[in-house]
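Source: prediction; values computed, not measured. These numbers come from the heavy atoms of this one structure, side chains and all, not from hydrogens, waters or symmetry mates. Numbered from 1 within each chain, the chains take letters A, B, ... in sequence-line order.
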Protein chains: 2
Amino acid sequence: MSGTETYDPSKYPPIAVTVDIVLLTIIQDSLAALLIRRGAEPFKDSYALPGGFVQPDETLAAAAARELEEETGARGMHLEQLGTYGDPGRDPRMRVVSVAYLALIPNPPEVVGGSDATSAEWSPVASFLDSTLPETPSLLAFDHSRILRDGVDRARGKLEYTGLATAFCPDEFTVGELRRVYEIVWGVDLDARNFHRKVTGTLGFLEPTGEMTTRGGGRPAQLFRQGPTQSLNPPILRPSPTVI
Amino acid sequence: MSGTETYDPSKYPPIAVTVDIVLLTIIQDSLAALLIRRGAEPFKDSYALPGGFVQPDETLAAAAARELEEETGARGMHLEQLGTYGDPGRDPRMRVVSVAYLALIPNPPEVVGGSDATSAEWSPVASFLDSTLPETPSLLAFDHSRILRDGVDRARGKLEYTGLATAFCPDEFTVGELRRVYEIVWGVDLDARNFHRKVTGTLGFLEPTGEMTTRGGGRPAQLFRQGPTQSLNPPILRPSPTVI
DNA sequence: CCGTTTATCGTCACTTTGACGAGTTCTGGT
DNA sequence: ACCAGAACTCGTCAAAGTGACGATAAACGG
């Protein structure tokens, strides 16, 4: 704010501040988002992102973490601010400015009980992103389609140059499991051998636990933990979607 | 928002929504930000980022553009959302959620007249980022030091893989001028020959205008315009700050 | 025992990078 | 007029990284 303006909020119509959360995980080899079916107008019976009002004494991130826990019981997952959406008219009732957060959790997520009247469920994001797929309600309430798309774009982009993919993996994971995260989120096939060379060759990116696992069939694989290096330089290049 | 909650904003203490702007440019071979000297409490006489309240019928981006024009007269520059800052207590008067924007303008910026009581001026960002430099007021009002740092970080990062650097250049520019943007923003020296090869070799990144210029001394250089390719793949790698 | 699956190691050609040499064309000083 | 300096642009070369793919290893289920 510049210095001379005085504060008189009553001069302005009130603005509500909410958080909305794009919570992504991987279910059955698909990237999926948690969606809530709305029980009230507007957009009754449509799907929407989970979220809620920011309470007077909590930070924005705390509000997002709280809503997430209320909705899913999950805690401590990766959570980052995505962007803020505040167009007038995005909510027909009043001016609402919504701070969107992106959250990622590993594979087998809690069964999301519809503890209250609203029901939450995981939906593959593809149906909301590909306008060519006429499945399910292809539109979300409010501007949540846009927010969901921005969240997926952010996640896809950050896989290239950060260790974000490990947020989709359990604490200990194999190179193959990590590669499958990339393949599912990007929707491409990666060469297992080159991927292995890249991630094991980047110093500090993966820490071997010394253990092996045979889960997943095939030859047992080393288990790794996330290492201290959280930036990938040079990045893992995402192959451009095969143009035919 | 999840579906069952009802809207009753009067239940909550009001939250003010503002925009703050990190406006960067290059002055005298330094990266500089526009700062306002505050004329009122709190933080009277401190420096702060320009900004102001979001009006009822404008988008967040429009509010940022309006404030920017009121403050500098500048229009049409690069403007992107940076992040939202809403910790309780960041403003001692009331709960304020501020959506920060990052704006970049080319070299010779308008003289910023202190048209109203507040005075605006360009300050090199180094003094606010390097805590080791005890020049000028090394702290900004509110959490604006943090916002400024985030803005500079964002600009630095995006130079690597986007054509953002051209936002610091006039419409037509030489490869040398573009390189100097990188050198100043990153605070490193780049090899002129390798840089030239990289940016002219990336198809669609620069469009030759066919003209030459001799401004800047030395052999005349080709003038380029920004090309259609706005993503640099592979990116221009930022040399790590020379470790001694 | 044998095919299948997955992990991991290697090889090879190609591209990109970083370091640097060298020629070109302007300006400003003497 | 000449020269030093600055800046642009083209080249060369070794090192590193990448993509494509062959080959072996170690588990599994029949």
Side-chain angles (χ1 to χ4, degrees), chain A residues 29 159-161 169 172-184 186 188-224 229 231-243, chain B residues 29 159-161 169 172-184 186 188-224 229 231-243:
Chain A
D29 292 339
L159 289 200
E160 292 193 348
Y161 59 96
C169 294
E172 303 191 348
F173 51 87
T174 68
V175 175
E177 290 165 354
L178 186 65
R179 176 170 49 83
R180 224 153 295 125
V181 170
Y182 277 86
E183 292 180 331
I184 291 169
W186 283 349
V188 298
D189 281 333
L190 298 178
D191 184 275
R193 296 156 289 188
N194 293 337
F195 184 85
H196 188 278
R197 178 181 60 191
K198 173 76 177 178
V199 297
T200 58
T202 300
L203 214 65
F205 186 60
L206 293 184
E207 277 183 347
T209 65
E211 312 263 321
M212 307 281 281
T213 184
T214 98
R215 69 171 175 247
R219 173 176 164 183
Q222 274 188 88
L223 278 174
F224 293 89
T229 303
S231 72
L232 240 31
N233 200 317
I236 302 180
L237 291 185
R238 167 166 33 165
S240 38
T242 316
V243 184
Chain B
D29 292 337
L159 289 201
E160 292 193 347
Y161 59 96
C169 294
E172 303 191 348
F173 52 87
T174 69
V175 174
E177 290 165 354
L178 187 64
R179 176 171 48 84
R180 223 153 295 124
V181 169
Y182 277 86
E183 293 179 332
I184 291 169
W186 283 349
V188 298
D189 281 334
L190 299 178
D191 184 275
R193 296 156 290 187
N194 293 338
F195 183 85
H196 189 276
R197 179 181 59 191
K198 174 75 175 176
V199 297
T200 58
T202 300
L203 214 65
F205 186 60
L206 294 183
E207 276 184 348
T209 66
E211 312 262 320
M212 305 282 279
T213 183
T214 99
R215 67 172 177 247
R219 172 175 163 185
Q222 274 190 88
L223 279 174
F224 292 89
T229 302
S231 71
L232 240 32
N233 202 313
I236 301 180
L237 291 185
R238 165 165 36 162
S240 39
T242 316
V243 184

Distance, rounded to the nearest Å, where A:Leu223 contributes CG and C:dA7 contributes P | 11 Å
Here the distance between atom P of D:dA7 and atom CD of B:Glu183, to the nearest Å, is 11 Å
How long is the line joining CZ of A:Phe195 and P of C:dG10, in whole Å?
-> 20 Å
Report yes if some heavy atom in the side chain of B:Leu223 is under 4.5 Å from a heavy atom in the side chain of B:Arg215; otherwise report no.
-> yes
Rounded to whole Å, CZ of A:Phe224 lies from C1' of C:dA7 at a distance of 10 Å
Given atom CG of A:Leu232 and atom C1' of D:dT18, what is their separation to the nearest angstrom?
-> 14 Å
Can you find a donor-acceptor pair, distance only, under 3.5 Å between B:Arg193 side chain and C:dG21 base?
-> yes
B:Pro234 side chain: which of D:dC8, C:dT17, C:dT25 is closest?
-> C:dT17
Closest nucleotide of DNA chain D for B:Thr174 versus for B:Asp191: which of these residues is on the 5' side?
-> B:Thr174
Grab the CG-P distance between A:Asn233 and C:dT17 for me, whole Å please.
-> 12 Å
Presence of B:His196 side-chain N/O under 4.0 Å of D:dC8 phosphate oxygens OP1/OP2 = no
Once you round it to whole Å, what is the distance between C1' of D:dA6 and CZ of B:Arg180?
-> 10 Å
Considering only C:dC20, C:dA7, D:dT9, which nucleotide approaches the side chain of A:Ala221 most closely?
-> C:dA7
Earlier contact from the 5' end, DNA chain C, for A:Arg197 and B:Arg219 = A:Arg197
Given atom CD of B:Gln222 and atom C1' of D:dC10, what is their separation to the nearest angstrom?
-> 12 Å
Under 4.0 angstrom, heavy atoms only, what part of the nucleic acid is A:Arg215 near: base, sugar-phosphate, or nothing?
-> nothing
Which value, rounded to the nearest 0.5 Å, describes the distance between B:Arg219 atom CZ and B:Met212 atom CE?
-> 7.0 Å
Write down the atom of B:Tyr182, the atom of B:Leu159, and the distance for their closest heavy-atom approach.
-> OH-O, 3.0 Å
Per atom distances to the B:Asn194 side chain, the nearest of C:dC20, C:dC26, C:dA7 is C:dC20
Does a side-chain N or O from A:Lys198 land closer than 4.0 Å to OP1 or OP2 of D:dG17, or not?
-> no
With A:Phe224, which of A:Thr200, A:Thr174, A:Leu178 fulfils side-chain contact (heavy atoms from CB on, under 4.5 Å)?
-> A:Thr200
For B:Val175 against B:His196, the heavy-atom pair lying closest together = CG1-CD2, 3.7 Å
